[in-house]
Amino acid sequence: MDDHTIVQMYWDRDEKAIAATSEKYGSYCLAIARNILGNQEDAEECVSDTYLSTWNSIPTNRPNMLSTYLGKIVRNLSFNLYKKNRAEKRGSGQMVVVLDELSELLEDPSSTEEAWDCQLLTEAINAFLSGIPADKRKIFVCRYWYADSVKDIAKRFGMSESNVSVTLHRLRSKLHNYLIESGFEL
Amino acid sequence: MKEEKLFESIANIDEKYVAEARAITARRMKPAWTRWAVAAACLCFAIGAFFAVSSQKEGNRVQIWDDSYSPKQYFKHADEADGNTSASSLADCEILYADARSFSDDRALLESENVIPVMDTHPLFFVEAHYNSDGSLIRVVLSWHRRDADGLENYSDLTVTAGYEEVSQVDDCIAIELDDKGNIVEPGVTVTERDEIRIVAVGSKDQKKTITFQNDNGWYQIEGSWNDRYEDMVELLDWFWEHPIDFSRFSMDAGDQYTSSSLLEMPDTFSAYLPDFSAYGFVYETSGILLKNGEPVSLEAHYVSNATKEQVMNSEYEVGENGCNTVHWCIETNPDVYEIEDCIGELEDLTREQILSLKPVDDVTTETKVKFMQDENVITVYASDISQAWELIESIREK
């Protein structure tokens with residue numbers, strides 16, 4: 001079933017929209033949630049919450065790309081649950097390492113981020129991504145959007161794990177320099 | 001925390017980049033696991049694929065095979081796909097398995113035993129077999145590949161995945177739904193009944209395509225890339241139809257086991273083919289050694305110059321700006337024909353002028369690639385400073 005038809009089902013308040021979403025994107029959402037949370041039970045809970053959030057947000061939204069719309073919701077929900085689990089000392093997944101890698105971009109991780117305008121930050125990251133080769137961009141997005149493991153990224157792109165690690169390190173360095181030049185205090 | 005804010009900001013990047021990262025691409029020549037995966041317990045979660053129900057034009061009925069059946073007929077309704085029907089690969093789908101073995105070196109033997117067809121048009125051949133923890137076979141993945149030096153005209157990836165254990169993803173590939181008029185509901189899917197066996201074909205001329213069936217011997221899927229012809233896929237189908245796989249040929253104890261290590265654990269590995277990096281101011285960063293049945297067969301190692309050990313360990317260096325340079329040194333003892341073709345010459349024939357005239361691969365890594373033969377090995381060097389690369393290459397010439 002194409003995305004347009006599924007989205008219309010939400011607008012028509014047809015409850016079969018959720019079944020159609022689950023059928024087409026259930027595995028996709030589960031993979032993202034599992035990457036972040038590291039366990040099946042929490043991941044399934046987040047995917048269920050994703051369907052509810054989607055039902056509540058369409059309408060008024062009418063996404064063009066349902067996969068990324070759902071992906072963003074499940075990513076955010078999973079990350080929120082990750083933070084909750086961390087406070088309760090539960091869970092695993094890729095997040096500890098991913099956040100540790102992202103902290104390398106920061107010159108003073110302990111300082112507050114209040115000065116950051118998140119929208120400007122996203123725009124800067126978009127501009128950075130538009131300027132790098134597509135294969136490098138995909139690796140960056142797989143790691144820091146999808147929270148894929150280095151092993152899975154290596155398998156997906158037919159690279160060695162050490163090559164993926166080094167590529168990510170160099171991309172982080174490049175992004176760090178780009179954000180500094182763009183005026184962000186890291 | 002700031003890194004959390006950064007992670008959250010990345011959530012809102014342009015959705016086209018998010019979609020791009022998950023787009024299906026042409027399969028790599030060498031499946032990654034045969035080079036670097038650890039062959040010990042490997043946990044993969046099952047991701048199923050199944051057909052969606054949708055409205056369907058009339059007329060897509062199960063076809064009956066006969067001796068005059070053409071390859072195109074197997075894909076008769078391929079052009080009716082609605083863009084959401086795509087072929088699901090049983091080779092690529094994630095199936096839980098406990099161990100893996102390779103039989104890629106047995107091509108000539110497998111051909112002589114009639115386990116696989118002779119395919120002289122495809123220089124590369126790989127076989128991976130996956131097993132449960134008790135050693136029973138889950139699936140065997142046989143693949144044949146062809147590449148051109150330039151362009152994609154002769155690009156080919158043909159794969160046969162087969163097994164005899166029940167695998168839910170197989171059911172998903174061969175299950176079909178009929179409407180009340182007996183028409184297949186899913187657009188773009190063609191079903192042929194041959195010798196009372198249902199054969200399901202998905203995918204069209206310029207897309208990845210699959211042919212899947214299950215009989216008393218087991219289940220099989222023939223997969224072709226966007227550039228592979230129906231004729232070539234049906235040739236494989238016919239061959240395995242007449243020559244069912246003897247799965248006992250792929251028992252775990254008969255295959256090659258690949259494991260991985262590093263220079264930290266095996267510091268003397270390939271010492272005759274590696275420069276003394278420290279003599280040129282390089283610090284070790286990371287490495288990966290692939291072992292076949294415990295013997296090293298390939299290596300990748302990364303080094304950084306003009307940086308301290310602590311800087312390298314903490315990734316606190318910048319290439320180029322304060323004089324740091326990187327070198328990525330790769331050794332392959334079993335190179336394929338394309339890797340050999342990609343070499344610029346033998347080590348003893350290389351000249352400084354030849355190396356310094358090479359251009360960088362891209363502008364992210366700013367590295368230049370030098371690929372050459374040494375004995376029967378292919379050495380690939382990626383270096384951010386090409387004159388330093390020449391010094392390192394010249395030093396092993398004198399070993």
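Note that the coordinates shown come from a computational prediction; the quantities given were computed from them, not determined experimentally. Just so we're on the same page: letters track the sequence lines, and every chain starts at 1.
If you measure heavy-atom distances from A/Ser130 to chain B, the contacts under 4.5 Å come from both the backbone and the side chain. For a residue to count as touching a neighbouring chain, one of its non-hydrogen atoms must lie under 4.5 Å from one of that chain's; by this rule A/Ile139 does not touch chain B. Looking at A/Ser173, the atoms closer than 4.5 Å to chain B (heavy atoms on both sides) all sit in the side chain, from C-beta outward. Contacts between A/Asn163 and chain B at a heavy-atom distance below 4.5 Å involve backbone atoms as well as side-chain atoms. Both the backbone and the side chain of A/Tyr144 come within contact range of chain B, judged by heavy atoms closer than 4.5 Å.
Rounding to the nearest 0.5 Å gives a distance of 12.0 Å between CD of A/Glu101 and CD of B/Glu3. In this structure, the separation between NE2 on A/His169 and OG1 on B/Thr326 is 9.0 Å, given to the nearest 0.5 Å. A/Asn76 CG to B/Asn12 CG: the interatomic distance, rounded to the nearest 0.5 Å, is 7.0 Å.
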If you apply the rule side-chain contact (heavy atoms from CB on, under 4.5 Å), what do you find for B/Ile13 with A/Phe140, and how did you get there? CA-CA 12 Å; B/Ile13 60 171; A/Phe140 183 93; 6.0 Å; no
List the steps, then state whether side-chain contact (heavy atoms from CB on, under 4.5 Å) holds for B/His328 with A/Val166. CA-CA 10 Å; B/His328 175 193; A/Val166 171; over 6 Å; no
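Relative to the six-membered ring of A/Tyr28, B/Arg22 misses at least one condition, a distance below 6.0 Å or an angle of at most 45° to the axis.
Scored by the side-chain hydrogen bond (donor to acceptor under 3.5 Å, both in side chains) test, B/Lys292 finds B/Asp105 as partners (sequence neighbours excluded). Under the side-chain hydrogen bond (donor to acceptor under 3.5 Å, both in side chains) criterion, A/Tyr178 pairs with no residue, sequence neighbours left out.
In this structure, B/Glu265 places its CD atom where more than 12 heavy-atom neighbours from other residues, nucleotides or ligands lie under 6.0 Å away.
For the set A/Thr68, A/Asp148, A/Leu179, the count of heavy-atom pairs under 4.5 angstrom toward chain B peaks at A/Thr68.
Residue A/Val141 comes nearest to B/Tyr17 through the heavy atom pair CG1-O, 3.8 Å, listed as atom of the first residue, atom of the second, then distance. Among all heavy-atom pairs drawn from A/Glu185 and B/Lys2, the shortest one is O-NZ, 3.8 Å. In terms of heavy-atom proximity, A/Arg75 sits nearest to B/Glu8 at NH1-CA, 4.4 Å. Closest non-hydrogen pair, A/Ala134 versus B/Glu20, comes out as CB-OE2, 3.7 Å. The shortest heavy-atom contact between B/Lys5 and A/Cys118 is CE-SG, 3.3 Å. Residue B/Ala11 comes nearest to A/Lys72 through the heavy atom pair O-CG, 3.5 Å, listed as atom of the first residue, atom of the second, then distance.
Side-chain atoms of A/Asn126 come within 3.5 Å of backbone atoms of B/Asp14 as a donor-acceptor pair (strictly under, hydrogens ignored). Although no hydrogens or angles enter the test, the distance criterion places no donor-acceptor pair under 3.5 Å between the side chain of B/Ser9 and the main chain of A/Thr122.
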